[in-house]
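Notes follow the structure.
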Amino acid sequence: MNQTLRAIAGKFQIDGEINVVRPLGEGFINDTFIIETALPSSPNYILQRKNRNIFTNIPAMMDNIVRVTNHLKNKIIARGGDPRREALTVTPAKDGKLYYKDDEGEYWAVCEFIDDTIAYQKADTPELAYQGGKGIGMFQAMLADFKEPLTDILPGFHNIRYRFKQWDETLAKDPVGRAKEVAEEIKWIEERREEMLRFWALVEEGAIPTRVTHNDTKINNILFDKQGNVLCVIDLDTVLSATCLNDYGDAMRSYTNTGLEDDPNLGNVSMDLGIFKAYTQGYLSETHAFLTPKEAEYLAFSAKYITYEQVLRFLMDYIDGDNYYKVKSPEHNLVRTRAQYKLLQSMEAQYADMQRIVKEELERYA
Ligand code: ADP
Ligand code: GN1
Ligand code: MG
């Protein structure tokens, strides 16, 4: 395998001699490796086999990423930052393409490894949450004047109407006969269907605008420096034109959880209001100037929306026979479903406080 990985890495414009290629990270979608080069003067690199079942147009995805990172780099240079540490740098293949397609039809891509950084799996302190909020806020703010349309490489990604279509089809098929075991969990989804569609209708009508957004803002998709300051937003496979509420909501789902995303012990799982407040402060410090009143009004709701969507996606994948997310055991998607549902319930119980905090934080800028 390593021989093959080396050969694949060798297809890219790597600066210096390749020492070793080894697995890295905990992503659920792609396979990630680090390419270590021989000399300290050469950077290391990230090599990824992109998941072609999920990403059906990888050339367009890579093109989106390069257009977005070029835009970010110009902004970073203009404010005196380091464009190779504060934004991802895609390394093209030797033939100039942004990816390499191997003999089995698998797509590979490379970017520079940003060293001396930390990817956290959990936000343990309000300071870290503030920095994460600031990071995504800056990302959105720097992209606010990105005018050209991005290719929609994941139609319907955070669109709950589209997710319900998949959901209804999956339940009707029940391909591995699991639906009967999860009648209770299915009820959790159905009870909230109308509430979620009412919110999504605002996006469909244009009452909530569309912007360039990240769409996968969990904490391990941000690199922090050793001092705990946000450095760079990574995992740009899902950059899309969508509502910025998806980014805020998805971050809240990830940062505020006192347990793990797949915690088997539901007693560990709840929403930490202090982390919610700190992330909101960081996020608004960068976004208050451009958020519309409607976006501001729905910030707290978006946390429930994306957490609900994640319950649906994990449960749907369980019913479907685990075709989307990587799983470590046959029950893994069900464990994830229950843990995310516990988080959703905790948000519902604290919803009035979440709304109050957002309102108070916004008033600072009024
Ligand atoms: P996935 O799509 O599978 O989640 P990611 O792009 O998020 O893959 O990468 C997985 C992990 O690899 C990240 O959480 C981070 O720890 C690490 N990583 C990815 N890109 C870089 C980079 N450019 N520099 C340093 N670490 C990185
Ligand atoms: C996936 O790629 P990764 O592991 O950062 C998923 C997200 C989910 C997340 C749940 C393209 O993110 O949408 O919210 O898992 N990415 C894709 O942890 O589906
Ligand atoms: Mg990731």
Side-chain angles (χ1 to χ4, degrees), residues 22-36 43-58 61-62 64-65 69 83-91 107-122 132 153-160 162-163 166 213-226 231-240 242 246-247 249-255 257 260-263 303 305-317 323-328 332-333 335-337 339-340 343:
R22 53 183 183 81
L24 183 87
E26 303 205 12
F28 298 169
I29 306 291
N30 298 312
D31 296 311
T32 305
F33 305 88
I34 177 167
I35 304 172
E36 290 179 354
N44 292 327
Y45 296 85
I46 289 280
L47 169 69
Q48 275 186 331
R49 176 168 46 207
K50 299 291 185 181
N51 186 320
R52 66 177 157 132
N53 295 328
I54 294 175
F55 302 113
T56 53
N57 189 350
I58 291 165
M61 174 176 95
M62 294 308 299
N64 280 350
I65 295 175
T69 51
R84 284 174 84 170
R85 288 185 65 72
E86 295 172 38
L88 275 187
T89 305
V90 173
T91 305
Y107 285 83
W108 298 80
V110 168
C111 65
E112 286 183 19
F113 183 82
I114 306 172
D115 56 15
D116 290 326
T117 60
I118 308 172
Y120 290 93
Q121 300 303 325
K122 246 172 139 311
I153 54 129
L154 288 170
F157 192 56
H158 286 306
N159 171 341
I160 206 70
Y162 172 80
R163 294 297 179 190
Q166 289 183 316
T213 51
H214 184 281
N215 295 292
D216 191 1
T217 49
K218 64 182 178 186
I219 189 164
N220 68 7
N221 286 330
I222 284 200
L223 299 177
F224 294 84
D225 69 16
K226 295 267 167 74
L231 188 67
C232 180
V233 178
I234 60 167
D235 201 348
L236 301 180
D237 297 349
T238 52
V239 283
L240 298 166
N246 294 339
D247 285 358
D250 199 21
M252 292 294 92
R253 177 186 76 78
S254 155
Y255 284 68
N257 190 348
L260 302 173
E261 188 180 66
D262 60 350
D263 216 309
Y305 176 83
I306 293 285
T307 306
Y308 170 87
E309 184 204 274
Q310 196 64 65
V311 178
L312 183 154
R313 289 174 67 195
F314 283 147
L315 183 57
M316 182 163 71
D317 198 34
N323 293 307
Y324 190 95
Y325 292 108
K326 289 183 194 166
V327 288
K328 294 183 180 155
H332 200 173
N333 271 319
V335 173
R336 286 167 168 155
T337 301
Q340 290 288 288
L343 180 64

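Every number for a ligand or one of its atoms is a count from 1 in the order of the listing. This structure is a prediction, so every number in the text was calculated from the model and none was measured.
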Measure from atom 14 (O) of ligand 2 to every heavy atom in Gln340, Glu261, Gln310, Arg336 and give the option owning the shortest one.
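Nearest option to atom 14 (O) of ligand 2, by heavy atoms: Gln310.
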Determine which of the N, O or S atoms in Asp235 is closest to the Mg ion (ligand 3) and give its atom name.
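The Mg ion (ligand 3) is closest to the Asp235 atom OD2, counting only N, O or S.
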Chi angles and distances behind the side chain to side chain donor-acceptor pair (under 3.5 Å) call for Arg313, Gln340
CA-CA 10 Å; Arg313 289 174 67 195; Gln340 290 288 288; over 6 Å; no
Quick one: does Asp237 get an N or O within less than 3.5 Å of an N or O on ligand 1?
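In this structure, Asp237 places no N or O atom under 3.5 Å from an N or O of ligand 1.
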Can you check whether Asn30 has an N/O within less than 3.5 Å of an N/O in ligand 1?
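Among all N and O atoms of Asn30, at least one is under 3.5 Å from an N or O of ligand 1.
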Heavy-atom contacts under 4.0 Å between [X] and ligand 1: side chain, backbone, both, or neither?
X      : answer
Asn221 : side chain
Ile46  : side chain
Gln48  : side chain
Leu88  : side chain

Can you list the atoms of ligand 1 that are under 4.0 Å from a heavy atom of [X]?
X      : value
Ile234 : 13 (C), 15 (C), 18 (N), 19 (C), 20 (N)
Asn220 : 13 (C), 14 (O)
Leu24  : 12 (O), 17 (C)
Ala119 : 15 (C), 16 (O)
Ile114 : 22 (C), 23 (N), 24 (N), 25 (C)

According to the interplanar angle, ranging from 0 to 90°, do the rings of Phe224 and Tyr120 count as parallel (below 30°), tilted (30 to 60°) or perpendicular (above 60°)?
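The rings of Phe224 and Tyr120 stand perpendicular, inter-plane angle above 60°.
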Should the proximity of Asn30 to ligand 2, defined as any heavy atom under 4.0 Å, be assigned to the side chain, the backbone, both, or neither?
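Contact part for Asn30 vs ligand 2: neither.
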For ligand 2, which atoms, with element, lie under 4.0 Å from some heavy atom of [X]?
X      : value
Arg253 : 10 (C), 14 (O), 18 (O)
Thr238 : 11 (C)
Asn221 : 5 (O)
Tyr324 : 11 (C), 17 (C), 19 (O)
Tyr325 : 8 (C), 15 (O)
Lys218 : 3 (P), 4 (O), 5 (O), 9 (C), 10 (C), 12 (O), 15 (O), 18 (O)

Ignoring hydrogens and angles, tell me if any N or O in the side chain of [X] forms a donor-acceptor pair with the backbone of [Y] under 3.5 Å.
X      : Y      : result
Asp247 : Asn215 : yes
Asp263 : Leu260 : yes
Lys326 : Asn30  : yes
Arg84  : Ile114 : no
Tyr324 : Met316 : no
Asn53  : Asn51  : no

Starting from the C-alpha separation in whole Å, work towards a yes-or-no answer on side-chain contact (heavy atoms from CB on, under 4.5 Å) for Arg336 and Tyr325.
CA-CA 11 Å; Arg336 286 167 168 155; Tyr325 292 108; 3.5 Å; yes
May I ask you to check if ligand 2 and [X] share an N or O to N or O distance below 3.5 Å?
X      : answer
Phe28  : yes
Arg313 : yes
Asp216 : yes

Measure across Arg163 and Gly156 and return the closest heavy-atom pair with its distance rounded to 0.1 Å.
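Shortest heavy-atom separation between Arg163 and Gly156 comes out as NE-O, 4.0 Å.
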Closest non-hydrogen atom pair between Asn323 and Asp317, with its separation
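Smallest interatomic distance, heavy atoms only, reads N-OD1, 2.9 Å.
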Gln121 vs Asn220, side chain to side chain donor-acceptor pair (under 3.5 Å): CA-CA, chis, key distance, verdict:
CA-CA 5 Å; Gln121 300 303 325; Asn220 68 7; 3.0 Å; yes
Starting from the C-alpha separation in whole Å, work towards a yes-or-no answer on side-chain contact (heavy atoms from CB on, under 4.5 Å) for Leu88 and Glu112.
CA-CA 7 Å; Leu88 275 187; Glu112 286 183 19; over 6 Å; no
Give a yes or no on whether Asn221 keeps an N, O or S atom under 2.8 Å from the Mg ion (ligand 3).
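So Asn221 counts as coordinating the Mg ion (ligand 3), yes.
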For Glu261, run the side-chain hydrogen bond (donor to acceptor under 3.5 Å, both in side chains) check against Gln310, Lys122, Arg253 and tell me which one passes.
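Exactly one pass, corresponding to Arg253.
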